[in-house]
Number of protein chains: 2
Amino acid sequence: MTRPAPDTETMLRHWREAVPDDRLAHLVKDATRALVRALQMRMAEHAVSFGHWTFLRILWDCDGLTQRKLSEQAGVMEPTTFSALNAMERLGYVTRRKRGGDRKKVYVFLTAKGRRLQEKLVPLAEEVNRIAVSGVPSDDIAATRHVLLSIIENLARDEHATDMRMPSTRDLARLKAGSKNRRKRPRQ
Amino acid sequence: MTRPAPDTETMLRHWREAVPDDRLAHLVKDATRALVRALQMRMAEHAVSFGHWTFLRILWDCDGLTQRKLSEQAGVMEPTTFSALNAMERLGYVTRRKRGGDRKKVYVFLTAKGRRLQEKLVPLAEEVNRIAVSGVPSDDIAATRHVLLSIIENLARDEHATDMRMPSTRDLARLKAGSKNRRKRPRQ
DNA sequence: ACTCTAATCTTAGATATCTAAGAAAGAGCG
DNA sequence: CGCTCTTTCTTAGATATCTAAGATTAGAGT
């Protein structure tokens, strides 16, 4: 028999047993994987990946944003947006244009093709959502929304407060090499 | 000023406003990113990435598993485990050994160095968890656990039932090329 | 007007993850 | 025994994501 995903049974058993506090992160992560996976499988039929979906949805709502604004809305860094847009441009879903005002900015517009995807893709997303939360009381879903939002806020606040940085590949290389000279973020 | 992550303010405002049903997936995904990010920043000081943490934690609990079993426990595919273990072996956290019985299997063991990480890393994970859920009623957290677990179960069941596959890069290339010959999973 | 700084996009290179397909070792059966 | 099927690990190649740093254009201050 073909195995489904990462052996579902083992995973579920794992989660049902002891789930100490520090495993909330993994539970959230696994849920993300399941959701993204379900969406991706459906959207692949229309040659759209999850990454594209993220940006398409923003553009359907508000066409003609700059890459910068798109990144903010999507909650990802510019290089991520940049490469996703490259792919989407290649597929003919968006076009990029510079406009008179600020020649730095690149405005992103949906093509007719990109716009047409909306009616096909949105039902798929709704289907996934319906399946995912079937049998779950809506009170619990509301609670989940609040909890997830709190987690995002709490961690963002903390990151601000403690002035941390994401370790870069360079940092990791340095640490792996064993040179333990701690470095504070050089302010500016 | 250095920007914190993907402009937190914009993101949070976004989430607080209308969050239609189909956005639960993105909310879960953002929470994952926040949690992974928070852990990663702390663990980087000890030259451990999130990927390593996943496997270390399993091994602390049960040393000497095969790569296959490790993959199942971690809920990821073998190649993921494989490359994580390569990195961890290079860093001197684990060793791989074949044993008499089945020469196919590769058993993974913690080194003293890998084992020592436990006392440093676990408190970091606990800290992240504490910060993440601070101010959140424990009832809500319990509800969240149930919801996330249901989501994982529902989607796994559905994937089984509808006999879907993850689109591979080859599938995507095919779709991009426009050849729409639908393909069912070849049973076997 | 010139220079310096800030904003924006781009490039470079890294990790984590996946599917597909190859290689090697065991297991089962005629 | 020998052939085939299965299990396990490995390799190949793709996407999504990040940090860091380069390139370009605007804007501000002197």
Side-chain angles (χ1 to χ4, degrees), chain A residues 1-3 5-6 29-30 32-33 36-37 40-41 44 48-55 65-72 74-88 96 98 100-108 165-174 176 185-186 188, chain B residues 1-3 5-6 29-30 32-33 36-37 40-41 44 48-55 65-72 74-88 96 98 100-108 165-174 176 185-186 188:
Chain A
M1 193 202 72
T2 316
R3 209 174 337 99
K29 196 184 176 197
D30 278 6
T32 298
R33 193 154 39 202
V36 169
R37 185 182 174 86
Q40 201 152 319
M41 285 187 303
V48 172
S49 70
F50 186 83
H52 303 166
W53 160 251
T54 304
F55 295 103
L65 291 171
T66 64
Q67 293 190 185
R68 187 85 185 73
K69 290 289 178 207
L70 267 175
S71 302
E72 287 176 6
V76 298
M77 291 284 142
E78 277 114 3
T80 304
T81 306
F82 179 74
S83 65
L85 289 177
N86 283 342
M88 293 167 72
R96 289 194 251 212
K98 297 206 176 194
D102 188 336
R103 313 259 332 138
K104 286 198 304 290
K105 296 183 179 173
V106 173
Y107 297 87
V108 180
R165 284 166 49 258
M166 264 300 270
S168 73
T169 50
R170 280 175 184 73
D171 291 335
L172 290 174
R174 182 174 47 83
K176 281 173 191 165
R185 170 158 57 180
Q188 195 279 112
Chain B
M1 192 202 72
T2 315
R3 208 172 341 97
K29 196 184 176 197
D30 278 6
T32 297
R33 194 156 36 205
V36 169
R37 185 182 174 85
Q40 200 152 319
M41 285 187 303
V48 173
S49 69
F50 186 83
H52 303 165
W53 159 252
T54 304
F55 296 103
L65 293 171
T66 64
Q67 292 189 188
R68 186 84 187 74
K69 291 289 178 207
L70 267 175
S71 302
E72 287 175 7
V76 298
M77 291 284 144
E78 276 113 4
T80 305
T81 306
F82 179 74
S83 65
L85 288 177
N86 283 342
M88 291 167 72
R96 289 194 252 212
K98 297 205 176 194
D102 188 337
R103 313 264 327 142
K104 285 197 306 290
K105 295 184 179 173
V106 173
Y107 297 87
V108 181
R165 285 167 47 259
M166 264 300 270
S168 73
T169 50
R170 280 175 183 74
D171 292 335
L172 290 174
R174 183 174 48 82
K176 280 174 192 164
R185 170 158 57 179
Q188 191 280 113

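Letters go in sequence order (proteins before strands), and every chain restarts at 1.
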Exercise. Mind calculating the distance between CZ (A/R33) and P (C/dT19) to the nearest angstrom?
Key: 10 Å
Quiz item: Quick one: salt bridge (charged side-chain N to carboxylate O under 4.0 Å, His left out) partners of B/R103, sequence neighbours excluded?
Solution: none
Quiz item: Can you tell me how far the CE atom of A/M88 sits from the CZ atom of A/R96, to the nearest 0.5 Å?
Solution: 10.0 Å
Quiz prompt | Evaluation steps, side chain to side chain contact (heavy atoms under 4.5 Å, CB included), between B/V106 and B/L85 | solution = CA-CA 11 Å; B/V106 173; B/L85 288 177; over 6 Å; no
Quiz item: When all nucleic acid strands are considered with a 4.0 Å heavy-atom cut-off, which category describes A/S83: base, sugar-phosphate, or nothing?
Solution: base
Practice problem: Starting at atom CE of B/M77, determine the distance to atom C1' of D/dT7, rounded to an integer number of angstrom. | Solution: 15 Å
Quiz prompt | Among D/dT8, D/dT11, C/dC9, the one nearest B/R68 by side-chain distance | solution = D/dT8
Are any protein N/O atoms closer than 3.5 Å to N/O atoms in nucleotides 2-5 of chain C? If there are, list each pair with its distance.
none

Quiz item: Counting only side-chain N and O atoms of A/R37, is one of them less than 4.0 Å from OP1 or OP2 of C/dT19?
Solution: yes
Exercise. Using atom CZ of B/F50 as one end and atom P of C/dT15 as the other, report the distance to the nearest whole Å.
Key: 17 Å
Quiz item: Just how far, in rounded Å, is P of D/dA12 from CG of B/N86?
Solution: 13 Å
Exercise. Check whether any side-chain N or O of A/Q67 sits under 4.0 Å from OP1 or OP2 of C/dT10, and answer yes or no.
Key: yes
Quiz item: Going by heavy atoms in the side chains, are A/K69 and A/E72 under 4.5 Å from each other?
Solution: yes
Self-check item: Whole-Å distance separating the CD atom of B/E78 from the C1' atom of C/dA21
Solution: 13 Å
Exercise. Taking side chain to side chain contact (heavy atoms under 4.5 Å, CB included) as the test, write out the residues that go with B/T54, two or more places apart.
Key: A/H26, B/F50, B/A74
Exercise. Quick one: label B/K29 by what it contacts on the DNA or RNA (base, sugar-phosphate, nothing), any heavy atom closer than 4.0 Å.
Key: sugar-phosphate
Practice problem: Write down the distance between NZ (B/K98) and P (C/dA25), rounded to a whole number of angstrom. | Solution: 7 Å
Practice problem: Can you measure from OH (A/Y107) to NZ (A/K98) and round to the nearest 0.5 angstrom? | Solution: 11.0 Å
Quiz item: Who passes side chain to side chain contact (heavy atoms under 4.5 Å, CB included) against A/K104, sequence neighbours left out?
Solution: A/D102
Practice problem: Could you tell me whether the phosphate oxygens of D/dT10, OP1 or OP2, come under 4.0 Å of any side-chain nitrogen or oxygen in B/R96? | Solution: yes
Quiz item: Rounded to whole angstroms, how far apart are CG on B/L65 and C1' on D/dT8?
Solution: 15 Å
Quiz item: Side chains of B/V76 and B/F55: closer than 4.5 Å at any heavy-atom pair?
Solution: yes
Exercise. Would you mind reading off the distance between B/K105 atom NZ and D/dT6 atom C1', rounded to a whole angstrom?
Key: 12 Å
Quiz item: Of all residues at least two apart in sequence or in a different chain, which pass the side-chain hydrogen bond (donor to acceptor under 3.5 Å, both in side chains) check with A/T80?
Solution: none
Quiz item: Got A/V36 and A/W53 here, is their nearest side-chain heavy-atom distance under 4.5 Å?
Solution: no
Write down the protein N/O and nucleotide N/O pairs, taken from nucleotides 26-28 of chain C, whose separation is under 3.5 Å; answer none if there are no such pairs.
{"unit_1": "C/dG26", "atom_1": "OP1", "unit_2": "B/R103", "atom_2": "N", "d": "2.8"}
{"unit_1": "C/dG26", "atom_1": "O4'", "unit_2": "B/K104", "atom_2": "NZ", "d": "3.3"}

Practice problem: Tell me whether the OP1 or OP2 atom of C/dC18 has a side-chain N or O from B/T80 closer than 4.0 Å. | Solution: yes
